[in-house]
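Every chain is numbered from 1 and lettered A, B, ... according to where its sequence line falls, protein lines coming before strand lines. In what follows, every heavy atom counts, from backbone to side chain, and hydrogens, waters and symmetry copies are set aside.
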There are 2 protein chains.
Amino acid sequence: MDVQLKRGLLDVCVLTAIKNEDSYGYKIIKDLKPYVELSESTLYTILKRLETGSMLTVRSVEHDGRLRKYYRITAMGLKRIEEFKEEWEKVLAIYQFVIKGDKEND
Amino acid sequence: MDVQLKRGLLDVCVLTAIKNEDSYGYKIIKDLKPYVELSESTLYTILKRLETGSMLTVRSVEHDGRLRKYYRITAMGLKRIEEFKEEWEKVLAIYQFVIKGDKEND
DNA sequence: ACGGTATACATCGTATCACGAAGTATATAT
DNA sequence: ATATATACTTCGTGATACGATGTATACCGT
């Protein structure tokens, strides 16, 4: 998928991936795979950004001798998703403009 | 509108704006305004990029003592729009994932 | 015992890109 | 005279996705 097209979607995808239950990096990547592929470096950058923006909180959990960092969405994270949904109407208007491709109906 | 969300749309918007008839910078901005706002610096960056990528051709026209650069879409530019439409299904799948927000239907 | 693969997170550098700021220049309206 | 609209250009910056690379453990097959 086109990199630029992903840019406005990734943050919200990650938030959606942890919306219903806390999750961790590796699992998020797997869960999102059917919809959008992202590398580990991309994901951890996003998680860090979302944490800085208070969209989620982190807690470390020992698992099988390894460390896992579980991410939990915050109220602001939920709000971010809602705002995205609102923005979507503008996106659809743009898409309509592109597929029509002419101005005969203004 | 969210900057990141625009990123995957702007190139195609500009191409759409010149699809049916050649146009020039200032007019493109005005024509796109109802759908997406972009500054002059953004537009000219995009036009340059699209030209470099052979998505459009340019020709200068004298108008009222001022110079106007008219942009015409190429076959590759048209192809770019078609590819965008194809990509759109992935975008919709992502959107559905976000608004559902749960995995009870996998 | 060894090698490969999966799990799990981290960091660095780079390329792309939207945008504000500032500039140049002409025509028209107040 | 001043402001506004038209029209294009250049520069610098910040945001961001991603490949490359690294660390570390567990498991499975031969």
Side-chain angles (χ1 to χ4, degrees), chain A residues 1-15 17-18 22-33 35-53 55-56 58-71 80 84 87 90-91 94, chain B residues 1-15 17-18 22-33 35-53 55-56 58-71 80 84 87 90-91 94:
Chain A
M1 188 179 172
D2 176 58
V3 182
Q4 303 309 320
L5 213 42
K6 285 165 87 168
R7 280 178 109 98
L9 306 170
L10 282 178
D11 280 29
V12 175
C13 280
V14 171
L15 287 173
I18 62 168
D22 299 0
S23 189
Y24 54 95
Y26 214 73
K27 186 165 188 296
I28 293 169
I29 289 174
K30 285 194 157 186
D31 287 344
L32 290 181
K33 199 153 199 167
Y35 305 101
V36 60
E37 295 216 30
L38 73 173
S39 67
E40 288 175 75
S41 61
T42 301
L43 202 237
Y44 291 112
T45 306
I46 292 169
L47 287 169
K48 182 70 76 178
R49 177 167 66 241
L50 292 174
E51 190 191 351
T52 304
M55 305 284 179
L56 50 78
V58 199
R59 99 193 115 94
S60 288
V61 174
E62 180 90 12
H63 175 84
D64 258 358
R66 286 182 228 114
L67 191 74
R68 264 192 196 160
K69 291 177 83 172
Y70 276 87
Y71 298 90
R80 174 77 175 78
F84 170 80
E87 286 265 280
K90 293 177 199 164
V91 174
I94 291 172
Chain B
M1 188 177 171
D2 176 58
V3 182
Q4 304 308 321
L5 212 41
K6 285 165 87 167
R7 279 178 109 97
L9 306 169
L10 282 177
D11 280 29
V12 175
C13 280
V14 171
L15 287 173
I18 62 168
D22 299 0
S23 189
Y24 55 94
Y26 214 75
K27 185 165 190 296
I28 292 170
I29 289 175
K30 285 193 157 186
D31 288 344
L32 290 181
K33 198 152 199 167
Y35 305 101
V36 61
E37 297 215 30
L38 74 173
S39 67
E40 287 175 78
S41 59
T42 300
L43 202 238
Y44 290 112
T45 305
I46 291 169
L47 287 169
K48 181 69 77 179
R49 178 167 65 240
L50 292 174
E51 190 191 351
T52 305
M55 306 283 178
L56 50 77
V58 199
R59 101 193 113 93
S60 287
V61 174
E62 180 91 11
H63 175 83
D64 259 358
R66 287 184 227 111
L67 192 73
R68 264 193 196 160
K69 292 177 82 171
Y70 276 86
Y71 298 90
R80 174 76 176 78
F84 170 80
E87 287 263 280
K90 293 177 200 166
V91 174
I94 291 172

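Two residues, Thr45(A) and Leu67(A), neighbour DNA chain C, and the one matched to the more 5' nucleotide by heavy-atom proximity is Leu67(A).
To the nearest angstrom, C1' of dT28(C) lies 13 Å from NE2 of His63(B). Going from atom OH of Tyr70(A) over to atom P of dA8(C) covers 8 Å, rounded to whole Å. Per the geometry, OH belonging to Tyr24(A) stands 14 Å off P belonging to dA10(C), to the nearest Å. Atom C1' of nucleotide dA17(D) and atom CG of Leu43(A) are separated by 12 Å, given to the nearest angstrom. Atom CD of Glu62(A) is separated from atom P of dT7(C) by 19 Å (rounded to the nearest Å). At whole-Å resolution of the value, CG in Leu9(A) and C1' in dA17(D) are 13 Å apart. Here dA15(D) presents its C1' atom at 17 Å from NZ of Lys48(A), a figure rounded to the nearest Å. Remark: C1' of dT9(D) and CZ of Arg68(B) are 17 Å apart, rounded to the nearest angstrom.
Looking at Glu87(A), its side chain never comes within 3.5 Å of a backbone N or O of Met1(B) through a donor-acceptor pair. In this structure, the side chain of Lys6(B) engages the main chain of Glu37(B) through a donor-acceptor pair within 3.5 Å.
The side chain of Thr42(A) contributes an N or O atom lying less than 4.0 Å from OP1 or OP2 of dC18(D). Regarding contacts with the backbone of dT7(C), a side-chain N or O of Lys30(A) is found under 4.0 angstrom from either OP1 or OP2. Side-chain nitrogen and oxygen atoms of Ser39(A) include none within less than 4.0 Å of the OP1 or OP2 phosphate oxygen of dC18(D). In terms of phosphate contacts, Lys6(B) brings a side-chain nitrogen or oxygen within less than 4.0 Å of OP1 or OP2 of dC19(C).
Using a 3.5 Å distance cut-off with no hydrogens or angles, the side chains of Tyr70(B) and Arg59(B) do not pair a donor with an acceptor. Side-chain polar atoms of Ser39(B) and Thr42(B) form a donor-acceptor pair below 3.5 angstrom.
Residue side chain Ser41(A) reaches the base of dG19(D) through a donor-acceptor N/O pair under 3.5 Å, judged by distance alone.
In this structure, Gln4(A) and Arg7(A) have side chains that are in contact, with non-hydrogen atoms separated by less than 4.5 Å. In this structure, Tyr71(B) and Asp22(B) have side chains that are not in contact, with every pair of non-hydrogen atoms separated by 4.5 Å or more.
Ranking dA17(D), dA27(C), dC17(C) by closeness to the Arg66(B) side chain, first place goes to dA27(C). Comparing atom distances between the Arg7(A) side chain and each of dT16(D), dA18(C), dC8(D) picks out dT16(D) as nearest. The side chain of Tyr26(B) has dC8(D) as its nearest neighbour among dC19(C), dC18(D), dC8(D). You'll find that the side chain of Lys69(B) is closest to dC8(D), out of dC17(C), dC8(D), dT16(D). In this structure, the nucleotide among dG19(D), dA17(D), dC19(C) sitting nearest to the side chain of Val3(A) is dA17(D). Side-chain atoms of Leu38(A) lie closest to dC18(D) of the nucleotides dC19(C), dA7(D), dC18(D). With distances taken from any side-chain atom of Tyr44(A) to the nucleotides dA8(C), dA18(C), dC8(D), the minimum falls on dA8(C).
Within 4.0 Å of Gln4(A), counting heavy atoms only, lie sugar-phosphate atoms of the nucleic acid but no base atom.
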